[in-house]
Every structure is written in structure tokens, then in C-alpha cells.
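Bear in mind that the values here come from a model prediction, so they are computed numbers and not experimental data. Nothing fancy with the numbering, it's 1 onward along the sequence. Basis for what follows: all heavy atoms, side chains included, without hydrogens, waters or symmetry-related copies. For ligands, and for the atoms within them, numbers begin at 1 and follow the listed sequence.
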Amino acid sequence: MKNKILEIKENSQKEIKQIENLEQLNLFRIKYTGKSGLLTEVMRGMRDVPKEERPMLGSLVNEVRTFIESEIENLETKFNEIELNKKLANEKIDITAPSKNSETGTFHPIQRTFNKLIDACVEMGFEVVTGPEVELDKYNFEMLNVPKDHPARDMQDTFYITEDIVLRTHTSPVQARVMEKRQPPIKIISPGRTYRVDNDATHSPVFHQIEGLVVDKNISLLDLKMMLTKLLKILFGENTKVRFRPSYFPFTEPSVEVDVSCPNCNGEGCNLCKKTGWMELMGAGIVNPKVLENCGIDPKEYSGFAFGQGIDRLTMVMDKIPDMRMMFENDIRFLKQVK
Ligand code: PHE
């Protein structure tokens, strides 16, 4: 029995030297220390051994088992290490290799113009309010002093959904909605998408506006002129000239058209300003007392001014975009160029 045990030890020592990988090591483990392995078999044979010899033989078997198990463990650690190193070598990252190009996103040029205007207005104390794009005729026209048969409706070619519902032709209905709900002081801007039946190089059926409205006691045309001059100088630079021309809108009286000296040529005259040196920017005026009345604000106590600024043409000037339709095609090459 003792010899058998020593033989097992000797054989195991020989065999273990030849083991080259984890698979072979596993077979070796099963052969010697497994449930029906050689050592287990020897233990079973203990029954036939005289009682006095059992302790000695038992501890010998344990010794051999411990020896084999520690050999297995050592080898296992070694093979695992080898495997890991192999993996690391294969998966090595070359930090000097050129990277794959990843695209960075940007704001659409129209959104950039919006952001500039909104930031400037918020700094002046305006609150930003939005309203629905599918709008009731009542807010888009009637409360703004444009009744159904009014000739001014021809100024704005309208998409009608039903007789009483339109795609808003300007962001001005938001001022009616706000005034209907609140009493002055009111100081809001309303940016958003607007719609008119129009489609060529300088008109898109979908376009963008920002509306401004200030209603309080003693608001006059002077306030309007001061505020807009300040805003436009923030946007285009301190040396920009601002010009107010008389105009007509049903919702303002008096009404003005606001121009700035062309930001492209500084008023010298270029193709963008059609050699005039001026750029038409927005409509504005003193809120027509009828509009205040329609919205439940007493025109004897309060007055206000409003302005409506188109965003699209302004963006074309600032980013030198030759055709308005390019801004809505979502061609990524265009968006990259005007970044
Ligand atoms: N809503 C007008 C338009 O779109 C612009 C405007 C707004 C004019 C406010 C005067 C006052 O044409």
C-alpha cells in the first residue's frame, strides 16, 4: 500500500512536468484528485489495511494529496498568467494610431440667430412666451384688428385649415393671447415658426419670427425707438445705424419699418443690400388702442409697443446664405459650411 502511494506521487511528479496548458491540467486533476481518481481509490482501499497502519498511511495519502493540489494550483496560476499576457498582447491599444472621425453637432443657423436675439432680449428684461402654430383666426387676425373682410389680410397669404383655423402667419397672435390673460406691465418676446403661401429664393412657406411686446403706463414711440436701437446695436455692433420709416400694420398705430445699415458692407452698398446700404429688418409700432381693447386692457390707462422680426432673412445676411431654401433642405454639407 505504501509503495502504491509513493508510486502515485512519483508518477504525478513526472506527469506534471509535461503539462502544457489548462486543459491538460484539468485532466491531470481528475486523474489524481477527482472523485474516482487514484488518491480516492487508495483511500477506499484503506478498509483492507490492518488498523495500526491506517493512521500512517492515511497521513501519507493526505500529504501526497496536498502536494499534488499545490502543484496544480501553482500551474494553474502560471497558465492563467500566460493566457492573460497573450490576451493583453493581442488587444494592445496603439494610442498613436489616427482616430476615427467623429462628427460634432452644431445649432442650425436659424437657431443661432434666435439664440442671439433671445439672449439680448432676456438681458433687457423680456420674458419668453410661446404659442400654438395651428392658431385660431381669432388670435391670428381678429383680435389684432384684422376682421375677415379687411384688405390687410391680403398682406399675409394664409394657409387655412378651416374657416376659423389657420397656420399662424406671424407670431403676433401670442401677444393677443398674453394680453387676454394678464394685465400690464407686460414685457414679452415670442419666438417661433410661422407660415405663409410663398416659395422662392427669398421666401419659404415655413419661416421664423420673433415678436416683442411691451405694455405699461406711458409707453411711447420713443421707448420703442430706444429699445430697438439698443437691441440692434447689440446684435450688429455699436456703429450700426438704425432707421425708422413710416409704415402700416392694422395692429399698430403709428407703424414703422425698421432698417439697419447693412452689416455686410457697413452701409457702403453691396449686393446683399441691393446697393442701398440699408437692410429692412422688422415691422413695429405703437399697439393700436383697438387691439388693447379687444384683449381687455384699458387703452386710456395703458399703451404699448410691438415689433416683429423675421429671423430667416437676417440669418441669410449674417451667414451669407444665397438662397433661403438651403436652410430647410437639411443637407449636412451646407450645415457644416455655415458652422
Ligand atoms: N406681425 C407683423 C408681420 O409679421 C410684424 C409686426 C409685429 C409689425 C408687431 C408690427 C408690430 O408682418
request  = With heavy atoms only and a cut-off of under 4.0 Å, state how E211 meets ligand 1: side chain, backbone, both or neither.
outcome  =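 The side chain, only.
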
Which ligand 1 atoms, with their elements, are less than 4.0 angstrom from a heavy-atom of [X]?
X	answer
A306	9 (C), 11 (C)
S172	1 (N), 7 (C)
G308	5 (C), 6 (C), 7 (C), 9 (C)
A284	8 (C), 10 (C), 11 (C)

task = For N115, check side chain to side chain donor-acceptor pair (under 3.5 Å) against everything at least two apart and list the hits.
result =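 Side chain to side chain donor-acceptor pair (under 3.5 Å) check on N115 returns Q111.
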
key: Point-to-point distance, once rounded to the nearest 0.5 Å, from CD1 of I68 to CD1 of I16   =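 It comes to 7.5 Å.
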
query = Thinking salt bridges, do K187 and E127 make one under a 4.0 Å N-O criterion?
reply =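 Salt bridge: no.
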
So, does [X] sit close enough to ligand 1 that a heavy atom of it is under 4.0 Å from the ligand?
X	result
Q209	yes
S255	no
F251	yes

query = With clusters built from Ile, Leu, Val, Met, Phe, Trp and Tyr whose side-chain heavy atoms come within less than 4.5 Å, directly or transitively, what are the remaining members of the cluster of W278, listed by chain and number?
reply =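 Direct or chained contacts put W278 with none.
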
Nitrogen or oxygen of H170 less than 3.5 angstrom from that of ligand 1 =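 Yes; the residue has a nitrogen or oxygen that sits under 3.5 Å from a nitrogen or oxygen of the ligand.
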
query = If you measure every N/O of R196 against every N/O of ligand 1, is any gap under 3.5 Å?
reply =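 Yes: some nitrogen or oxygen of R196 is under 3.5 Å from one in ligand 1.
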
inquiry  = Can you confirm whether R29 is buried at CZ, in the sense that more than 12 heavy atoms of other residues, nucleotides or ligands lie under 6.0 Å from that atom?
reply    =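 For R29, atom CZ is crowded (more than 12 foreign heavy atoms under 6.0 Å).
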
request  = Quickly, which of T315, T113, V338, L335 forms a side chain to side chain contact (heavy atoms under 4.5 Å, CB included) with H108? Name it, please.
outcome  =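 Passing option: L335.
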
query = Of E71, R65, E15, which meets side chain to side chain donor-acceptor pair (under 3.5 Å) against Y32?
reply =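 It is E15; the other options fail the test.
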
